[in-house]
Novice: 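The structure's right below; bear with me while I get my questions together.
As the structure is a computational prediction, the values presented were derived from the model and not from experiment. Numbered from 1 within each chain, the chains take letters A, B, ... in sequence-line order.
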Amino acid sequence: MMIFQRTWTNTGIHPGHIILLDGQMEEESALIRIRKEKLKEIREDLGINPYPYTYDVCDYSAEIIAGFDETRVPERTVSIAGRIMTIREMGKASFCTIQDRDGRIQLYVALNTIGEESYRLFKKLDIGDIIGVKGPVKKTRTGEITVFITSLTLLAKNIRPLPVVKEKDGEVFDAFADKELRYRNRHVDLIVTPGVKETFLKRIAIIRNFKKILDAKNFNEVETPVLQPVYGGAAASPFTSWHNALDMTLYLRISLEPYLKRLIVGGFDRVYEIGKCFRNEGIDRTHNPEFTMLELYQAYADFNDMMAITEELIEQTALAVNGSTAISYEGKEIELKTPWKRLRVTDALKEYTGLDVMVMSDDELRAELEKRDAHLKGDFVRGLAIDELFKVLVEDRLIQPVFITHHPVETTPLCKPDYDDERFLQRFELFINGTEIANAYSESNDPVFQRKTLYEQSLRRAVDEEAPPMDENFVQAIETGMPPTGGLGIGIDRVVMLLTGETSIRDVLLFPTMRPQD
RNA sequence: GAGACGCUAGCUCAGUCGGUAGAGCAACUGCCUUUUAAGCAGUGGGUCCCGAGUUCAAUUCUCGGGCGUCUCACCA
């Protein structure tokens with residue numbers, strides 16, 4: 001949309017301009033002007049309110065078509081509302097297609113059936129208008145199930161024309177293709193682009209199914225603060241805000257973890273939250289500044305239990321929304337059937353690169369990093385070097401689901417070390433299609449250890465600005481006594497991408513973050 | 001953060017080796033009572049993203065800016 005700033009010699013509003021909310025004016029296109037004139041004619045000449053209050057919707061397109069019975073006499077009469085998507089006018093009779101909640105259905109509008117008054121109204125209608133109609137359902141000569149309307153009610157007049165997308169035999173013509181326009185005008189995209197609404201319905205179904213599974217396991221869904229005086233639970237740059245009355249800085253959360261663990265301490269044995277997290281970092285195909293995480297915590301459980309839950313959530317949800325565990329993504333065939341392979345970080349490195357980091361010296365690790373042009377933030381730390389080598393050399397080769405386990409202890413302060421080798425953690429990350437989908441720990445609950453590691457992590461802020469600051473209240477919660485706990489985080493957007501076949505996170509977010517246009 | 005590409009009518013796109021632009025759909029007028037990318041005849045519609053420079057002349061060339069898309073690097 002182009003915005004023009006003009007000054008007018010008189011103070012009157014030029015009739016050819018629309019005032020925008022910010023006081024600027026948009027030059028009005030002829031298309032909008034003509035539709036506003038029709039609006040006036042509908043009100044004044046026909047005496048019809050183009051924006052009435054309700055309509056008695058009794059039927060929906062998909063159900064009418066699915067339930068059609070050709071032998072039924074007399075025909076079934078329906079009452080349906082929707083948006084006009086096509087109009088084919090033939091003098092004293094017309095066909096049009098409306099789109100409702102579930103899909104599209106054709107209407108037949110004949111002068112001698114609906115009468116002169118209604119036909120005059122019909123002739124003033126445009127693609128994009130919302131109407132309510134009643135009438136019997138019949139098949140046309142060419143076999144299309146059609147409502148032969150006997151009653152027409154205008155429910156909302158459109159004055160901003162929609163892109164006209166046509167379809168024949170599954171082929172789409174004049175698609176609303178400009179991705180920028182689609183993201184900025186998602187309401188239009190949802191109306192005119194085939195498949196978009198279905199993608200978001202699938203997203204809704206995925207989240208609903210996750211909740212169903214967790215609720216059945218007696219997890220309690222909770223809500224924790226988005227605005228936090230101290231952020232933590234991940235290594236990331238936060239968004240910063242300011243509370244006027246409290247005269248203090250508040251951060252938008254970067255993870256759900258710190259408050260969910262307080263609830264475990266408080267006696268909720270099983271909690272989860274599905275909510276937005278915010279990270280002030282770059283935007284690309286797989287990253288949006290705000291994104292949705294599932295985090296769950298289960299008392300008296302460890303990372304093995306989290307693996308079982310992860311497998312169940314993903315496999316069952318794939319079956320629920322796709323009817324299959326096999327998915328095709330970017331031309332790759334991925335099989336989500338459980339159980340999934342489990343591989344230690346160090347074994348994965350050995351398997352995919354031949355490097356046996358268990359026997360390599362620090363200097364050898366350093367040399368390997370340099371060879372890949374990979375760099376650590378701050379001083380050399382052996383565990384971080386191993387983790388970095390894994391990220392650079394192995395991650396994107398993990399196409400089939402695999403639990404990568406036992407990361408070096410230096411990668412996070414929030415996880416318990418493993419029983420028999422304290423250099424490694426009881427942690428896993430789930431990789432599918434080269435992307436981290438989930439991350440889980442046997443959560444650290446040793447308060448002395450926790451205070452020490454979080455303090456050490458806060459010191460890393462000197463070399464790594466993404467290291468979170470010390471969270472005293474969180475440590476005190478752990479000092480109160482947290483039961484042994486398994487914790488799991490799943491990137492919802494990435495799961496949705498995987499299960500819908502979308503390759504850009506923006507195509508699974510209704511309203512991706514966009515820069516303002518001017 | 002780096003590179004490539006794009007921005008022309010409401011939408012999808014042509015085009016101008018520098019002389020202010022076209023098509024299809026949409027719109028408007030007329031015809032048409034079973035069409036379906038309906039059809040036929042006609043009409044209108046554009047600060048060619050913004051700014052500067054070069055030039056008699058810039059939508060086109062050069063530079064700068066804006067916004068976006070894609071790829072690469074980093075964080076989930």
Novice: Under 4.0 Å between a Lys/Arg side-chain N and an Asp/Glu carboxylate O for A:E116 and A:R120?
Specialist: no

Novice: Strictly below 4.0 Å, N to O, side chains only: are A:K261 and A:E257 in salt-bridge contact?
Specialist: yes

Novice: Roughly how far apart, to the nearest Å, are B:U12 and B:C70 at atom P?
Specialist: 16 Å

Novice: Pick the nucleotide of RNA chain B nearest each of A:A110 and A:D178; which residue has the one closer to the 5' end?
Specialist: A:D178

Novice: Under 4.0 Å, heavy atoms only, any strand: does A:F148 hit a base, just the sugar-phosphate, or nothing?
Specialist: base

Novice: With P as the reference atom in both, quote the distance from B:C48 to B:U20 in angstrom, rounded to an integer.
Specialist: 13 Å

Novice: Charged N to carboxylate O below 4.0 Å: is that the case for A:R382 and A:E410?
Specialist: no

Novice: Establish, for the pair A:R279 and A:F239, whether the NZ or CZ atom is under 6.0 angstrom from the six-membered ring centre and no further than 45 degrees off its axis.
Specialist: no

Novice: Could A:D45 and A:K40 be called an ion pair, given the rule that one side-chain N must be under 4.0 Å from one carboxylate O?
Specialist: no

Novice: Side chain to side chain donor-acceptor pair (under 3.5 Å) between A:T411 and A:R427: does it pass, once the steps are laid out?
Specialist: CA-CA 10 Å; A:T411 58; A:R427 172 185 182 188; 3.0 Å; yes

Novice: Pick base, sugar-phosphate or nothing for A:N112, based on heavy-atom distances below 4.0 Å to the nucleic acid.
Specialist: base

Novice: At under 4.0 Å, does any side-chain N or O of A:R88 touch on OP1 or OP2 of B:U35?
Specialist: no

Novice: For B:C49 versus B:G6, give the span between their C1' atoms, rounded off to a whole number of Å.
Specialist: 11 Å

Novice: Scan A:R104 against the nucleic acid and name what it touches under 4.0 Å (heavy atoms): base, sugar-phosphate only, or nothing.
Specialist: nothing

Novice: Is it the case that B:U35 (base atoms only) and A:Y108 (side chain only) share a donor and an acceptor within less than 3.5 Å, ignoring hydrogens and angles?
Specialist: no

Novice: Please measure how far the P atom in B:U60 lies from the corresponding atom in B:U54, and state the result in whole Å.
Specialist: 15 Å

Novice: Find the distance A:K138:NZ to B:U34:P and express it as a whole number of Å.
Specialist: 14 Å

Novice: Round to a whole Å and report the spacing from CD of A:E144 to C1' of B:U34.
Specialist: 11 Å

Novice: Please determine, by modelled atom types, if A:D69 and A:T71 share a side-chain donor-acceptor pair under 3.5 angstrom.
Specialist: yes

Novice: Among the candidates B:U33, B:G68, B:C11, find the nucleotide nearest to the side-chain atoms of A:R515.
Specialist: B:G68

Novice: In Watson-Crick or G-U wobble terms, both distances under 3.5 Å, what is the partner of B:U35?
Specialist: none

Novice: Can you check the distance between B:U8 and B:U29, where both ends of the measurement are the P atom (answer in whole Å)?
Specialist: 28 Å

Novice: Within the structure shown, what part of the strands sits under 4.0 Å from A:K391 by heavy-atom distance: base, sugar-phosphate, or nothing?
Specialist: sugar-phosphate

Novice: When only distance counts, do a donor and an acceptor, one from the side chain of A:Q106 and one from the base of B:U35, lie under 3.5 Å apart?
Specialist: yes

Novice: Just how far, in rounded Å, is P of B:C74 from CG of A:L376?
Specialist: 12 Å

Novice: Measure from CG on A:D189 to C1' on B:G68 and round the result to the nearest Å.
Specialist: 15 Å

Novice: Taking any heavy-atom pair under 4.0 Å as a contact, classify A:A175: base, sugar-phosphate, or nothing.
Specialist: sugar-phosphate

Novice: Quickly work out the A:R506 CZ to B:C67 C1' distance and round it to whole Å.
Specialist: 11 Å

Novice: Think A:K138 forms a cation-pi with A:F148, using NZ or CZ under 6.0 Å from the six-ring centre and within 45 degrees of its axis?
Specialist: yes

Novice: Write down the partner of B:A41 under the Watson-Crick or G-U wobble criteria, each distance required to be under 3.5 Å.
Specialist: B:U29

Novice: For B:G10, does either OP1 or OP2 sit under 4.0 Å from a side-chain N or O belonging to A:R160?
Specialist: no

Novice: Can you check the distance between B:G24 and B:C40, where both ends of the measurement are the P atom (answer in whole Å)?
Specialist: 11 Å

Novice: Taking the nucleotide of RNA chain B with the closest heavy atom to each, which residue, A:E466 or A:Y183, is nearer the 5' end?
Specialist: A:Y183

Novice: Considering every strand and a 4.0 Å limit on heavy-atom distances, what is the contact class for A:T286: base, sugar-phosphate, or nothing?
Specialist: base

Novice: For a quick check of understanding: with a heavy-atom distance under 4.0 Å over all strands, which category does A:F291 fall into, base, sugar-phosphate or nothing?
Specialist: base

Novice: Could you work out which one of B:C74, B:C11, B:U35 sits closest to the side chain of A:T146?
Specialist: B:U35

Novice: Decide, yes or no, whether a salt bridge links A:R461 with A:E465 under the criterion of side-chain N to carboxylate O below 4.0 Å.
Specialist: no

Novice: Give none if B:U71 has no partner; otherwise give the nucleotide forming a Watson-Crick or G-U wobble pair with it, both distances under 3.5 Å.
Specialist: B:A2

Novice: Give a yes/no answer on whether the side chain of A:R141 brings an N or O atom under 4.0 Å of OP1 or OP2 in B:U35.
Specialist: yes

Novice: Check this one for me: any side-chain N or O of A:R182 less than 4.0 Å away from OP1 or OP2 of B:U69?
Specialist: no

Novice: Send over the distance from A:I283 CD1 to B:A73 C1', rounded to a whole Å.
Specialist: 16 Å

Novice: Between A:R88 and A:E144, does at least one N-O distance fall below 4.0 Å, as a salt bridge requires?
Specialist: no

Novice: Need the pair for B:G46. Rule: Watson-Crick or G-U wobble, both distances under 3.5 Å, any strand; none if unpaired.
Specialist: none

Novice: Considering only atom P, compute the distance from B:A9 to B:A21 and round it to an integer number of Å.
Specialist: 14 Å

Novice: Looking only at the side chain of A:F95 (C-beta and beyond, no hydrogens), which of the listed nucleotides B:U69, B:C13, B:U34 gets closest?
Specialist: B:U34

Novice: With rounding to the closest Å, how many angstrom separate the P atoms on B:U71 and B:U35?
Specialist: 45 Å

Novice: I need the CD-C1' distance between A:E395 and B:A73, as an integer number of Å.
Specialist: 14 Å

Novice: B:C32 C1' sits how many Å from A:Y119 OH, rounded?
Specialist: 10 Å

Novice: Are OP1 or OP2 of B:C70 and a side-chain N or O of A:K179 less than 4.0 angstrom apart?
Specialist: yes

Novice: With a cut-off of 6.0 Å (strictly less than), are more than 12 heavy atoms of other residues, nucleotides or ligands near CD of A:E117?
Specialist: no

Novice: For nucleotides 21-30 of chain B, give me one character per nucleotide, 5' to 3': B if any protein heavy atom sits under 4.0 Å from the base, S if the only such contacts are to the sugar-phosphate, - if neither.
Specialist: ---BSSSS--

Novice: Name the nucleic acid region contacted by A:D493, choosing base, sugar-phosphate or nothing; use a 4.0 angstrom heavy-atom cut-off, strictly under.
Specialist: nothing

Novice: Across all strands shown, which nucleotide pairs with B:G22 by Watson-Crick or G-U wobble geometry, both distances under 3.5 Å?
Specialist: B:C13

Novice: Counting Watson-Crick and G-U wobble pairs only, both distances under 3.5 Å, name the nucleotide matched with B:U62, or none.
Specialist: B:A52

Novice: Report which part of the nucleic acid A:N288 touches: base, sugar-phosphate, or nothing (heavy-atom distance under 4.0 Å, all strands).
Specialist: base

